[in-house]
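See below for the structure under consideration.
Residue numbers begin at 1 in each chain, while the letters A, B, ... track the order of the sequences.
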Amino acid sequence: MTQPTRSDEPIWWALFSAGGVCFAVLIPGLILTLAIAYPLGLLPENALDYAQIRQWLFSDYWGLAGLVLVGAGLCLPLFHAMHRVHHGMHDLMLRAGGWGKVLCYGSASLLSVLALYFWYLGLSAS
Amino acid sequence: MQKTLVIQRYNPEQDHKPHPQHFTVPCDDSTSVLDALLYIQQQLDPTLAFRWSCRMAICGSCGVMVNGIPKLGCKTFLRDYKDDITVEALAHFATEKDLISDMSVFLTHLQAVKPYLINHDTRPQPHQQTPKQLAKYAKFSNCINCGLCYSACPQFGLNPAFLGPAALTLAQRYNLDSRDQGKAQRMPQLNGKNGVWGCTFVGFCSDVCPKQLDPAAAVNQGKVASAADFVIGIFKP
Amino acid sequence: MSEPRQVNRAYQSQLRRNWWLKHGYYQRYMLREATVLPLLFFCGCLLTGLYSLQHSEQSWLNWLAFMATPWVIGLNLLTFFASLFHAKTFFELFPRVLPILPAPLMIAGQWLGTLSVALLLALLLGGVL
Amino acid sequence: MQVLETDIAIIGGGGAGLRAAIAAAEADPACRITLLSKVYPMRSHTVAAEGGAAAVTLAQDSMQGHFEDTVTGGDWLADQDVVEYFVQHAYEELVNLERWGCPWSRREDGSIQVRRFGGMKTERTWFAADKTGFHILHTLFQTSFKYPNIQRLDEFFVLDLLVHEQQIVGVLAIQLNTGELYQIHAKSVILATGGAGRVFHHNTNGGIVTGDGMALAYRHGVALRDMEFVQYHPTGLPGSGILITEACRGEGGILLNRDGYRYLQDYGLGPQTPLGKPENKCMELGPRDKLSQAFWHEQQQGRTGDCQGHAVVYLDLRHLGERHLQQRLPFICELAKAYVNVDPAKALIPIRPAVHYTMGGILTDAQCQTSIAGLFAVGECASVGLHGANRLGSNSLSELLVFGHVAGKQAASFAKTAKAAARTEVDQYCQQQQQQLQAKLGVKSADSIAAIRHEMTLAMEQGCGIYRDTAGMQQCLATLAHLQQRYQQVFVSDHSKVFNTELIQHYELGFGLDVANAMVSSALARQESRGAHQRIDEGMQQRNDERFLQHSLAQLTEQGAASIRYQPVRITQSKPAVRRYGAEPSQQEQR
């Protein structure tokens, strides 16, 4: 019996799992506050004050909160989502070969870098 | 009481694909699908082909699809079905005749993971193993090789090279055994794309498992092991 | 070793693209996998929010206004339910993959985590903390 | 017709066949071993054994003790040199299995756990919960993957042995999924085909347990020994016959009649032991023959209950508690729930005796060699001389390991010296067999294989059951002769090649009819009561050592009948005495 080549799946699976935790633990709270409660006026008017949020995310403690938000709220969930998209394509018999993988994890990587870049811009401006 | 079984018949010497045939069988509260099939074979049509032996859910021979769900014929009772009951050969395997599937791919996958104790100590004494150590793998050692989990697994259906729930569970069973030293030999099979990574945790395998041994859990525990092995692989030359 | 079997024209059915519509269990699985679609939308929201925040106060205000448009709220409500459904499935799978503590305990612990995060965020933004 | 060459052909992929295959593979790594099985090996009926496997394990136990229990349990019809060999080698075989990964149940300190079993004077039964046979079979099957010189032919059904001048030259088999015939030339052949419980109506056996190997050897002039000794297991489920393990009683389960009375105390097994405190060799832990016989008497006196038309007594496990039951007897809980809708923690399990095991079988010497050179037999299909007139629970799993090992080694050494057979005569014989097979195919008639088989099983149950008499057995023989005639006329209506299961059943029925005939003929000739063979005829109700301390040998005659001769029992140290159970043995030992 020939030995199969080692899959690189552990990398994507680890990112997927970490993202899954974020999706389950952090994202519900984020949506609830940012995308539901505030727009519906259930939070104080100044809850999302521009200066305050900037300070939290880009200034206090070297912008650590911002980095956490970008990592746990964006990068990891993106990898989580694109991992499922990648496997979903297989499930739906959309055989994109190696390109499907490049497309999925490539886009997740690109958007993650972009998010980190925005945070970096905010950080340097503050 | 009587019930109608709609059986997907297939004779490779005549047919191009399976076709349904209706049989009416007498039944009571204790009649299993296997009992019904035996009645048909003995009383109505001796050419009906299916596998069976122990009729007590331990030999694993009589797996069939009952109303589209993989079941052991001997542990599925007519009393639990209101209308006609469709019986067909296990999904995802090739059908050789009537309700008989070609299980050779299953056997090949099983053998691929080296499902036996690998231990280099040759002293002729029993190993020590505490009940706690035994409990770690005991559940996964209860697989009767019926193949229902493969019929429940769309990933196996989509890719027959996927080692599948039973084989991966068996690998995990030996990997978790405190007496075993063969994990390193088994990991290469698990690490491949047709090993644990072929699984997307659909989880239906665990639902249909007649012995409730949760193969999905075993496979996904295998992912953790494989991921750890991956990391170790980076640091080892 | 076993002898390779000669199979006489065995019938091999092929899965079709819609295989997952055939059974409730598979539908639920596909639904679980599909929770990432609204998630992607929310990630888009967050990303634009982040861009706005670092860009200027005006674009931040524009973003807040965008977030308050009814269809965006609607989609995010959907995302919220998707995230809860995902959380339920994910939390239940976790103790099976890493059986450290009794499963009910682990599941309860994870829900507690989700709840605490939501509460913390609400208190923080509500100005209580 | 395909031709395959091998060194050793093993017929049967159950515990005995697999153990033999591994032994042969280890004895001679250069030797080609072909393992044929009519089912995938893990389907073999070893899988259904529940209780355990016996070997002297505890410090307070002794080889002498196991020897005595086995000889006494077998009513002195065991060959004592064989028993000696067996008790001395059982432990190392169980250790072998342990080292191959069998998940034996353990004590807190990590050592092997042993449980009580019927007829054993101390705890010596190794177990893997209540699925011991399952775990043994799967461990052996999986371990067999390690040996590249074991080639499996799964789902090959053996139609005949190929014998030339009293030497085995191979087997003729049919590949089930193609219908193709295979001549498999082998220097040695091991029959490991299991028992023949399916010739009886009410039995604990799987559908595949049809006596194939016994009949194959019998038809080639090998004697079947002690075929009258058919064990009824006292606890099978009514209707299905599904086995409820003796381990239930080993763990402390009790048997009640319909009045809730522990009736075993009336049959020389008492006095009553306190609830939850089972004592070895007392009450529920008496041997299987005595317990099944006690049921018969209860039934005669109208003290049995009814479960869907079947007379039953009740197994009470309630006092063991949910937790203990789930830990020690999980499979029993599952079976009771599924097949009689009973939760053993809360309610009584209805049970009744069912045919379980054939003590007799293909006559072999202590090395598993039959009267045909190069032909070996092992396991339930064989009679190596271990069980005598009644087998003790948990001796058969150990037997197939101990003697599977012997058979494999012997077959390997025989294969080394044997010459390959002359092809032409074998070829001719196989062509004849192929024509005979073709001749079986015909049109569907009013009579059917299923009908003949059904009548055979009923006749056996009625004429050759727990208690037997001359008239009943003569009637049974007449019925079998009539069924044999009908069998000769009945055709296989299915003409297909692929998985012609009707054709296979035709062969199996033929095998079963021959074995059944040997059983009844042997039983009729034994005019005494011993172990599992109990006569109610006047003057035959006792053991008669003067005339019948002998093995019976059934030999097939030209006319298709069985001629019976006798062979002395080999006695080394234990002279026949009274079998004592209940309180009596401990009194004996005090003296």
ask   = Contact part of V224(B) toward chain C, heavy-atom cut-off under 4.5 Å: side chain, backbone, both or neither?
value = side chain
ask   = Of the backbone (N, CA, C, O) and the side chain (C-beta and beyond), which part of I100(B) lies under 4.5 Å from a heavy atom of chain C, both, or neither?
value = neither
inquiry  = Taking the six-membered ring of Y29(C) as reference, does the cationic atom of R32(C) (NZ for Lys, CZ for Arg) lie under 6.0 Å from its centre and within 45° of its axis?
reply    = no
ask   = Out of A216(B), P154(B), G157(B), which one racks up the most heavy-atom pairs below 4.5 Å with chain C?
value = P154(B)
key: Contacting region of P99(C) [heavy-atom separation from chain B under 4.5 Å]   = side chain
task = Could you tell me which of P18(B), A89(B), S206(B) has the largest number of non-hydrogen atom pairs under 4.5 Å with chain C?
result = P18(B)
inquiry  = Is a donor from one side chain sitting under 3.5 angstrom from an acceptor on the other, for Y137(B) and R179(B)?
reply    = yes
ask   = Do other residues, nucleotides or ligands put more than 12 heavy atoms under 6.0 Å from K193(B) NZ?
value = no
ask   = Between Q41(B) and D45(B), is any side-chain donor less than 3.5 angstrom from a side-chain acceptor?
value = no
inquiry  = At a heavy-atom distance under 4.5 Å, which candidate from I69(B), D15(B), D214(B), N220(B) has the highest pair count against chain C?
reply    = D214(B)
inquiry  = Could you check whether any side-chain N or O of N191(B) sits under 3.5 Å from a backbone N or O of M187(B), counting only pairs where one atom can act as donor and the other as acceptor?
reply    = yes
note = Test side chain to side chain contact (heavy atoms under 4.5 Å, CB included), reference L5(B), set V66(B), L37(B), T86(B), output is L37(B)
query = Contact part of D207(B) toward chain C, heavy-atom cut-off under 4.5 Å: side chain, backbone, both or neither?
reply = side chain
